[in-house]
Amino acid sequence: MHHRSEFHDELRRAKNSADSSLQLAMAVPQLLGSAVAAIGLIAAAAVTVPAMIPVVALSGIPLLLVSRANSEEMYSFSFGRTPGDRERFQLEGVLSSRDQAAEVRIFGIESYLVTRWRRLYDERITELVGLVRRFGRRSVIAAAGVAGTFLLVLGLGWWMVSSGTATLADTAVAGATALLLGAQVQQIATSLGQLSEHGLRLADFERLLAAGIERRAIRRDPAPPLRRLVVDRLGFAYPGASGRAVDDVSFTVGAGELVAIVGVNGSGKTTLAKLLCGLYRPDAGTVTWNDRPVHDLDLRGEVGAIFQTFARYWFSAADNIAIGDVARGDTADPAAVRRAAELAGADEFLGELAQGYDTRLTVELEGGTDLSLGQWQRVAIARVLYRDPSLVVLDEPTASLDPQAEAALFATLDDLRRDRTIVMISHRFSSVRSADRILVVDRGRLIEQGTHEQLLDLGGHYARLYRTQAAAFA
Ligand SMILES: Nc1ncnc2c1ncn2[C@@H]1O[C@H](COP(=O)(O)OP(=O)(O)O)[C@@H](O)[C@H]1O
Ligand SMILES: [Mg+2]
């Protein structure tokens with residue numbers, strides 16, 4: 001968890017600093033321009049009054065120091081506050097998201113969230129005010145430096161004229177040159193300050209890119225189509241948790257099987273699903289794909305999973321499905337998209353949208369429309385089917401559907417199974433009757449398995465919960 005939040009901070013920082021590369025690119029020609037102008041002026045001054053050159057050059061030093069200090073502080077301001085910022089943005093997201101609105105309202109946590117958001121916001125503003133004050137003080141010092149130089153130049157000119165070292169005209173020219181030079185020195189100091197700030201930010205960005213490339217560099221063999229998935233004495237505990245979320249679980253799934261995992265909330269179904277997909281590394285036991293551990297394989301081409309919180313993209317309906325296999329890229333085949341939608345039972349309602357499959361699936365954008373939850377779930381399933389994996393894992397994609405709609409969806413899945421292996425998870429015991437095999441988990445353990453009829457005959461946990469739930473929905 002710790003590492004993950006560190007990664008998010010880094011990501012946020014890198015996002016900010018991606019802009020820095022542009023600003024860096026703009027600061028460079030500015031700097032070069034000023035440098036060229038300054039060299040010209042210095043050459044002119046050297047001809048008229050060489051004595052003024054060091055005086056003008058000196059005026060750049062306080063500016064340089066101030067601008068360096070400012071940019072360093074600006075950097076640590078944006079760097080140091082990123083976790084707070086992220087929390088604030090997340091709160092903004094929750095508060096403004098329609099997805100979360102119901103939850104926020106049911107829990108009555110809106111004002112609590114707003115208060116937290118305000119506190120983070122106030123902290124940020126207080127810091128910013130302090131920062132601006134310090135910037136102001138430094139600017140006064142720098143301005144005093146420039147004014148001092150101006151006085152020095154004037155004094156030097158007056159002395160040269162009165163001592164007869166230079167004519168009034170020469171001195172006037174030299175004075176003007178010196179002031180112009182001063183302006184260029186200021187510009188150089190500012191540009192150098194910007195360069196160092198943007199340079200620091202860019203270093204963050206590059207570090208992140210390097211890390212991403214490193215992660216990608218661990219190449220795994222692409223998984224072959226699934227023949228057999230073997231789970232052997234699998235155990236997993238979340239860091240810091242007292243017990244195991246999955247404990248000593250063993251079972252085998254053959255190609256083309258439809259296996260359901262059922263259990264009450266918190267019994268470990270989602271954790272088990274993530275272990276099957278190789279998302280977590282087991283603490284004990286193994287998951288093997290054909291005959292190799294899942295974490296040795298690149299499963300992306302062969303596993304499609306829909307978890308409880310699946311994504312709803314503000315894309316067109318077609319893109320919402322085609323994103324299931326971005327490897328196909330722009331060669332996204334409209335016929336294949338339609339086929340996936342047909343299999344998932346989404347073709348009918350998508351075809352009826354105002355612009356068909358090109359309709360944006362959000363009302364937040366011009367010409368867009370929204371789908372019902374059940375329709376979204378079918379789009380999510382189409383997304384998985386478009387990828388055409390040999391193992392499909394569905395973790396309660398239907399949790400908020402009514403039991404009839406869930407049963408209908410599972411029936412669809414049963415139809416499109418053929419040579420595809422499906423592991424579906426539900427806490428509804430009534431929805432999974434058609435599965436080839438039902439695995440019943442309780443407190444992380446696999447306590448019963450068999451067909452619906454076998455489990456009812458057994459008269460255990462499954463039979464008890466099935467009757468209770470059936471009664472509730474009767
Ligand atoms: N990310 C997590 N960190 C710590 N504990 C977790 C995490 N996710 C789930 N758990 C715990 O692991 C147990 C199993 O959770 P989960 O697999 O989500 O159950 P289910 O999907 O059956 O509702 C629960 O006790 C839950 O509180
Ligand atoms: Mg779950």
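Because the structure is predicted, anything quoted here is derived from the model rather than measured. Just so you know, ligand 1 is whichever comes first in the structure, and atom 1 is the first atom listed for that ligand.
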Side chain proximity check, Val303 to Trp289, heavy atoms < 4.5 angstrom: yes
Crowding at CZ, Arg233 (>12 non-hydrogen neighbours, <6.0 Å): no
Electrostatic pair Arg443-Asp247, nearest N-O below 4.0 angstrom: no
Backbone of Gly263 reached by a side-chain donor or acceptor of Lys269 within 3.5 Å: yes
Gly266 N/O under 3.5 Å from ligand 1 N/O: yes
Side-chain heavy-atom pair Arg420, Val392 within 4.5 angstrom cut-off: yes
Atom indices of ligand 1, in the order listed, that fall short of 4.0 Å to a heavy atom of Asn265: 23 (O)
Over 12 non-hydrogen atoms of neighbours within 6.0 angstrom of CD in Gln355: yes
Heteroatom count (protein N, O or S) under 2.8 Å of the Mg ion (ligand 2): 1
Atoms of ligand 1 close to Ala245 [distance to a heavy atom under 4.0 angstrom, numbered from 1]: 12 (O), 13 (C)
Val264 contact mode with ligand 1 (heavy-atom cut-off under 4.0 Å): backbone
Chi angles and distances behind the side-chain contact (heavy atoms from CB on, under 4.5 Å) call for Val384, Ile381: CA-CA 5 Å; Val384 166; Ile381 288 167; 5.6 Å; no
Minimum side-chain heavy-atom gap Arg338-Ile321 below 4.5 Å: no
Contact (N/O only, under 3.5 Å) between Glu396 and ligand 1: no
Under 3.5 Å: N/O of Tyr280 near N/O of ligand 1: no
Euclidean distance, Arg360 CZ relative to Thr369 OG1, rounded to 0.5 Å: 13.5 Å
Nitrogen or oxygen of Gly268 less than 3.5 angstrom from that of ligand 1: yes
Proximal atoms of ligand 1 relative to Thr271 (non-hydrogen, under 4.0 Å): 14 (C), 15 (O), 16 (P), 17 (O)
Whether Ser267 lies under 4.0 Å from ligand 1, heavy atom: yes
Those residues that, when tested against Tyr462, pass ring pair (Phe, Tyr, Trp, His ring centres under 6.0 Å) (two or more places apart): Phe429, His452
